[in-house]
Number of protein chains: 2
Amino acid sequence: MFFMTTVPLTRQRAPSKRSLETVARILDASETVFARGGFDGASLRDIAAEAGVQVGLVHHHGGGKAELFHKTVARRAEALSHARREALAAAKAAGPLDLRAVLTAFLAPYLRLARTGTHWLNYARLVAYVSVDPRWRGICAECFDPTAEVFLDEISTLLPDTPRPVLAAGFIFAVSSMLALVTTQWRVEALGSDTLEADIQLDHLVRYCEAGLRATA
Amino acid sequence: MFFMTTVPLTRQRAPSKRSLETVARILDASETVFARGGFDGASLRDIAAEAGVQVGLVHHHGGGKAELFHKTVARRAEALSHARREALAAAKAAGPLDLRAVLTAFLAPYLRLARTGTHWLNYARLVAYVSVDPRWRGICAECFDPTAEVFLDEISTLLPDTPRPVLAAGFIFAVSSMLALVTTQWRVEALGSDTLEADIQLDHLVRYCEAGLRATA
DNA sequence: GTCTATATGTAGATAGAC
DNA sequence: GTCTATCTACATATAGAC
């Protein structure tokens, strides 16, 4: 029959290059604006202005404000999880794992990416908002918890005598310290003068968390 | 002259008991609602409904949304700073200070208060929002930094060879971990099953931060 | 896919009666 | 001090031309 030869309504043609660029621009703008004031502090108008497109277009591609927020968080979360798992695999390949190597594999990719420019810095603040607000538990569970579990398993293998809740708490301390390091740099400066060099920051953070985990084990 | 006998326009009569109760109810409600979704996630209407008063009254007593937010954060900050300084003084009176005693004096009051009911739990989340958002730097500087400096000075005395920026960073890690412990209890549970007993939580947090600080010193 | 225009709701702030 | 009513602005979302 005739209508069988038409494409189903759910099937869509491959997006044009221009469309892909527009979507990316909208997501970049969402990231910037959502990072500034969280979900409620952002408006689709601000995002549209930042992206240089019309408001209706933001809605069209984003699928509503909540879904746009979800997409914005999820986009870089995949890249981040991938980098962390790669770093873990590389550490495993290099020799027997120790606690420091596991923590470094988890913490280093984020700090390294945060130095590449404003995008990942904005993203760090966005993640901090997501972590604080219980409305976004689902996003955390989907975007961050699976990889966190992988690393927690490794830590658990290295410290087999420590109950898992204790290790989970210590791991949360590590994550929150990492976010604080990126997002509240100004507060560190306010309390203690100059900023430290980036590699030193990573080294300090890893030492801090390693010692902390061992102390509670 | 006649007008000298009239009270200046800025001077106001002592508030009635009923008025004080209303103001307290409005601040309690602000705390609850602001803690739920941050500054932008809250509306004066929600706060009015929570307090059981009219919207105009919230505006009247709060002096606008921004000032109400400020007042809400500042109210408990004073009580918290006082409890922390008292704990520090008590520790000093009990004998020579060590790092663990200083950290305990800083961390214990918050965790103890957070167990007294929902008010301080809400407040913890509110403080987490304030810490993330750079718009509230001024509030942080006014409400929290002075007491933080006092404790940082004590830590600096105990670890005199460590540069202050390093100690400041470690102290921020401790603060962020403390906030995470209170606000992301659900995430700890998601990653590691049951919740730990409160005294154990405090003990672990103090051990973690003490070991971390020593490791970076 | 992109734009203009608009529908519909709700935000913060205020005026004025009591 | 408290309440009702309302002003003005801006939010999200959608409809429909191109």
Does the plane of the ring in B:Tyr123 sit parallel, tilted or perpendicular to the ring in B:Tyr110? Use 30° and 60° as the thresholds. tilted
Taking the inter-plane angle between the rings of B:Phe39 and B:Phe69 on a 0 to 90° scale, is it parallel (under 30°), tilted (30 to 60°) or perpendicular (over 60°)? perpendicular
Whether each nucleotide of nucleotides 3-18 of chain C has a protein heavy atom under 4.0 Å at its base (B), only at its sugar-phosphate (S) or at neither (-) is summarised, 5' to 3', as SB------BBSB----
Test: A:Asp199 and A:Arg112 ion pair at under 4.0 Å: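 No salt bridge links A:Asp199 with A:Arg112.
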Going by an N to O cut-off under 4.0 Å, is there a salt bridge joining A:Lys71 and A:Glu67? yes
Suppose we screen for salt bridge (charged side-chain N to carboxylate O under 4.0 Å, His left out). Which residues come up paired with B:Asp40, at least two apart in sequence or across chains?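 In terms of salt bridge (charged side-chain N to carboxylate O under 4.0 Å, His left out), with neighbours along the sequence ignored, B:Asp40 is linked to B:Arg135.
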DNA chain D-proximal residues of residues 19-30 of chain B, any heavy atom under 4.0 Å: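 Within residues 19-30 of chain B, the residues near DNA chain D are B:Ser19, B:Thr22.
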Answer whether the closest heavy-atom distance between the side chains of B:Leu205 and B:Ser177 falls below 4.5 Å. yes
What closest approach, in Å, do A:Ile26 and A:Val58 show between heavy atoms, and which atom pair accounts for it?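 Where A:Ile26 meets A:Val58 most closely, the heavy atoms are CD1-CA, 4.1 Å.
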How far apart are the closest heavy atoms of B:Phe171 and B:Ala148, and which atoms are they?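 Closest pair (atom of B:Phe171, atom of B:Ala148, distance): CE2-CB, 3.7 Å.
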Between the two ends of the helix from C:dG1-D:dC18 to C:dC18-D:dG1, what is the bend in degrees, rounded to 10 degrees, where each end axis spans five pairs? 0°
Partners meeting side chain to side chain donor-acceptor pair (under 3.5 Å) with B:His61 (sequence neighbours left out):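 None.
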Identify all side-chain donor-acceptor contacts of residues 80-91 of chain B below 3.5 Å with residues at least two apart in sequence or on another chain.
unit_1	atom_1	unit_2	atom_2	d
B:Ser81	OG	B:Ala77	O	3.3
B:Ser81	OG	B:Thr147	OG1	3.0
B:Arg84	NE	B:Phe106	O	3.0
B:Arg85	NE	B:Thr147	OG1	3.2
B:Arg85	NH2	B:Thr147	OG1	3.1

